[in-house]
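Working notes for the structure below.
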Amino acid sequence: YPDFMPVTALEWSTRLEFTALAFSRDGSQLAALTGLPEPTLVVWDLRTGAVLASGPLVVPCNDLSFNPSGDGSLCTLAPKRLLVWKLQLVYKTYLLESKEIPLDEAADDEAEAANATWTSHCWSPGNALYASSDVGGVVRLAIGSGGAPTLVLRCSTGVSALVADSTHLLVGCADGSVRWYSPSGDEELDEESSLLWSLSLDSAIKSLVYAPDCLKLLAATDAGETH
C-alpha cells in the first residue's frame, strides 16, 4: 500500500473455486474454503507461502473465521454443518482437528432440528463461540473448556447475524430487529426480560459488523440497505 503490489501467490489444487477467506488476527496465516468436488479447509503461512495444514469439509461451507484470541481455533459454517477446528503444532507438523456442533443444540427437538439451518457465528473476547440458527436458537461454546455447547438464547424469530464485544451479544433477526443482550457464561437469556435495547429495520438483517473500536455498528439487510 498504496501501490497494491502483489506480496505473494498462494497455490492449492482446487478444481473450481474458493468460497471464503479469513486472516488470522496477527496477519500471519490465511485460511480458505474450497468448493466442490472436494470441499476443504486450507491454512497457509503467509510468511513462507507454505501450506500449514488442510482438512476435509465433507460439504461445501460458506463462512469461515479465526478465533481472534490467536489460540489456533477456527470455525467453518454450512447450513447443515458447523465445525470448530483446532490448528496445532505437533513436533514439526501442523495438524487440523475438528469438532461438530449438532443442530440439535439450537433447536427445541429433533423434528425442528431436521428443518433448521445454521445462519451465522461470531467470537467473543472471552474466548467463546456463538452460533445462531433460523429457528431462533443461539448456542455458546467455551473454547478450550472441553465442554458441550449450551443454548443461551431462544428467539421467537429466526436469527440471521451475530456480533459480540467484551460485555454484549448483538443479535440480528429475520424480522429486522437488532437486539442487545449481556450474556453471563452459559446462563440462558430470556428473549424479553434480558433484552437491554433494540432497534427495528424494514427488512431481515443479513449481517452485523462492528467498527474496530466497537463504538459503531454496521447493519446490512436483505433489501440491500446498510445502516
Side-chain angles (χ1 to χ4, degrees), residues 12 14-22 31-43 53-67 72-87 95-124 128-143 145-164 169-175 186 188 191 203-209 220-222:
W12 185 250
T14 183
R15 302 179 190 177
L16 292 179
E17 62 180 351
F18 290 103
T19 59
L21 298 171
L33 304 178
T34 72
L36 293 171
E38 297 177 357
T40 305
L41 168 63
V42 189
V43 182
S54 63
L57 294 170
V58 182
V59 296
C61 295
N62 51 24
D63 201 2
L64 163 70
S65 67
F66 278 92
N67 184 351
S73 298
L74 302 95
C75 180
T76 59
L77 183 146
K80 287 292 186 180
R81 198 160 198 236
L82 182 70
L83 294 173
V84 179
W85 299 78
K86 183 70 173 182
L87 177 68
L95 300 176
L96 272 171
E97 297 181 349
S98 65
K99 174 183 179 180
E100 183 172 2
I101 300 179
L103 259 168
D104 295 6
E105 303 291 344
D108 281 342
D109 49 48
E110 291 184 4
E112 186 178 61
N115 297 312
T117 59
W118 293 112
T119 54
S120 67
H121 75 278
C122 74
W123 300 91
S124 77
L129 175 72
Y130 290 94
S132 65
S133 72
D134 63 353
V135 294
V138 177
V139 299
R140 177 183 184 272
L141 177 66
I143 302 300
S145 69
T150 305
L151 183 71
V152 293
L153 179 64
R154 176 69 174 177
C155 293
S156 55
T157 184
V159 176
S160 49
L162 297 170
V163 69
L169 176 65
L170 280 63
V171 179
C173 298
D175 64 0
D186 290 338
E188 186 170 352
E191 180 182 13
S203 56
I205 305 300
K206 186 175 183 180
S207 63
L208 297 173
V209 180
T221 71
D222 278 350

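Computed from a predicted model, the values in this text were never measured in an experiment.
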Heavy-atom nearest pair, P149 first then E105, reads O-OE1, 3.5 Å
D134-T119 side chain donor-acceptor pair, cut-off 3.5 Å
no
Heavy atoms of A113 and K80 approach each other most closely as O-NZ, 3.7 Å
The reported gap from CG in L162 to OG in S120 (rounded to nearest 0.5 angstrom) is 3.5 Å
- Query: Could you go step by step and tell me if L129 and N67 meet the side chain to side chain contact (heavy atoms under 4.5 Å, CB included) rule?
  - Reply: CA-CA 8 Å; L129 175 72; N67 184 351; over 6 Å; no
State whether the side chain of E191 and the backbone N or O of S156 hold a donor-acceptor pair below 3.5 Å, judged by distance alone.
yes
For residues 55-67, the salt bridge (Lys or Arg N to Asp or Glu O under 4.0 Å) pairs (sequence neighbours left out) are none
In short, A31 meets L41 closest at the heavy-atom pair CB-CD1, 4.2 Å
Note: W118 and P102 closest approach over all heavy atoms is CZ2-O, 3.5 Å
Hey, is CD on E110 packed in by over 12 heavy atoms from elsewhere, all under 6.0 Å?
-> no
Rounded to the nearest 0.5 angstrom, the CZ-OG1 distance for F18 and T34 is 7.0 Å
Tightest non-hydrogen contact, residues S133 and A106, listed as OG-O, 3.4 Å
Practice problem: Take V138 and L169 through the test side chain to side chain contact (heavy atoms under 4.5 Å, CB included) and record every step on the way to the result. | Solution: CA-CA 10 Å; V138 177; L169 176 65; 4.3 Å; yes
Output for pair (E188 CD, R154 CZ), nearest 0.5 Å, gives 9.5 Å
Rounding to 0.5 Å, atoms CG (L96) and OG (S54) come to a distance of 7.0 Å
Output for pair (C122 SG, L208 CG), nearest 0.5 Å, gives 9.0 Å
Between T76 and the options T19, V84, N62, L57, the side-chain contact (heavy atoms from CB on, under 4.5 Å) test singles out L57
For C75 and L82, the nearest pair of non-hydrogen atoms, with its separation, is SG-CD1, 3.4 Å
Subject >> Test log, rule side chain to side chain contact (heavy atoms under 4.5 Å, CB included), inputs L74 and L64 >> reply: CA-CA 7 Å; L74 302 95; L64 163 70; 4.2 Å; yes
**Item:** Residue pair T40 / W12, side-chain heavy-atom distance below 4.5 Å
**Value:** yes
Output for pair (R140 CZ, L153 CG), nearest 0.5 Å, gives 13.5 Å
Review point. So W123 and S65, side chain to side chain donor-acceptor pair (under 3.5 Å) or not? Walk me through it.
Key: CA-CA 9 Å; W123 300 91; S65 67; 2.7 Å; yes
